[in-house]
*Asks:* 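Structure below; questions to follow.
These numbers were taken from a predicted model, which means no experiment stands behind them.
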Amino acid sequence: MALDEGRLNLHEYDERLRDAYAAKTYAELDALLVDLPMTRSDAQTLALPASSGALAGAETTWQLRPDSGYAGATRRWLASTWESWIRANAVCVAIWGTMAVLSGHVNYFWPGWVAGPWGAVLLVQTARGMLSGEPQRWAARRARKEAEREVRRRAKGETGS
């Protein structure tokens, strides 16, 4: 949580993680958390490690805006939500179009049966997600996973050297 909230950089997190695995008593574990304030639940936090180099070289593109959370979260969440629908329907329309060209006449537009019901379900899910703030929660989960991946990548690089 402290890494997610920007209270620790990746180096500090890695050191504390090693110390936590090496700890033999609860007191040793408590000492690792003494200087960190109480954490909030995932639903309450929208923080990402500070952009002052905590993720230097990482592939993360998430940036925290103090006024409204993660920049571009809604756009990215919408793209992620609708991407499979768009791709599947593009394939269906391409098949339908190819068949129309090969047969020499335009057939019944059957891709509508794929696009319609699935699109209606996605539309309801999108509306619910937008009303409940899902894009920011989704962005927080993605940012946390990217930070964890970066920590593992760096740890692997340190042990491999």
*Asks:* Are W138 and R76 side-chain neighbours, meaning at least one heavy-atom pair lies under 4.5 Å?
*Replies:* yes
*Asks:* Can you find a pair of side-chain heavy atoms, one from W96 and one from V114, that are under 4.5 Å apart?
*Replies:* no
*Asks:* Determine, using the 4.5 Å side-chain heavy-atom cutoff (strictly less than), whether V106 and Y108 are members of one ILVMFWY cluster.
*Replies:* yes
*Asks:* For the atom pair CZ (R75) and CG (L78), what is the distance rounded to the nearest 0.5 Å?
*Replies:* 10.0 Å
*Asks:* Mind checking whether C92 and W113 have side chains closer than 4.5 Å, heavy atoms only?
*Replies:* no
*Asks:* Can you name the closest pair of heavy atoms from A73 and P135 and give their distance?
*Replies:* CB-O, 3.7 Å
*Asks:* Taking all atoms of both residues into account, what is the closest heavy-atom pair of N107 and S103, and its distance?
*Replies:* ND2-OG, 4.0 Å
*Asks:* Out of curiosity, S84 OG to L122 CG, how far, rounded to the nearest 0.5 Å?
*Replies:* 6.5 Å
*Asks:* Measure the shortest side-chain to side-chain distance between V91 and R87 over non-hydrogen atoms and say whether it is less than 4.5 angstrom.
*Replies:* no
*Asks:* Report whether Y21 and Y13 are members of the same hydrophobic cluster (ILVMFWY, side-chain heavy atoms less than 4.5 Å apart, transitive linking).
*Replies:* yes
*Asks:* When hydrophobic residues are tied together by side-chain contacts of less than 4.5 Å, even through go-betweens, does I95 share a cluster with V93?
*Replies:* yes
*Asks:* Show the numbers, then the answer: is there a ring pair (Phe, Tyr, Trp, His ring centres under 6.0 Å) between W82 and W85?
*Replies:* CA-CA 5 Å; W82 285 86; W85 181 87; 5.3 Å; yes
*Asks:* Is there side-chain contact between E150 and E146, with at least one heavy-atom pair below 4.5 Å?
*Replies:* no
*Asks:* Give a yes or no on whether the backbone of T25 and the side-chain of E28 come within a donor-acceptor separation of less than 3.5 Å.
*Replies:* yes
*Asks:* Taking atom types as modelled and ignoring hydrogens, do the side chains of S132 and R137 form a donor-acceptor contact shorter than 3.5 angstrom?
*Replies:* yes
*Asks:* Is there a donor-acceptor contact under 3.5 Å from the side chain of R149 to the main chain of R144?
*Replies:* no
*Asks:* Does I86 share a hydrophobic cluster with W118, counting links as ILVMFWY side-chain heavy atoms below 4.5 Å and allowing steps through other members?
*Replies:* yes
*Asks:* For E134 and M130, indicate whether the former's side chain and the latter's backbone hold a donor-acceptor pair under 3.5 Å.
*Replies:* no
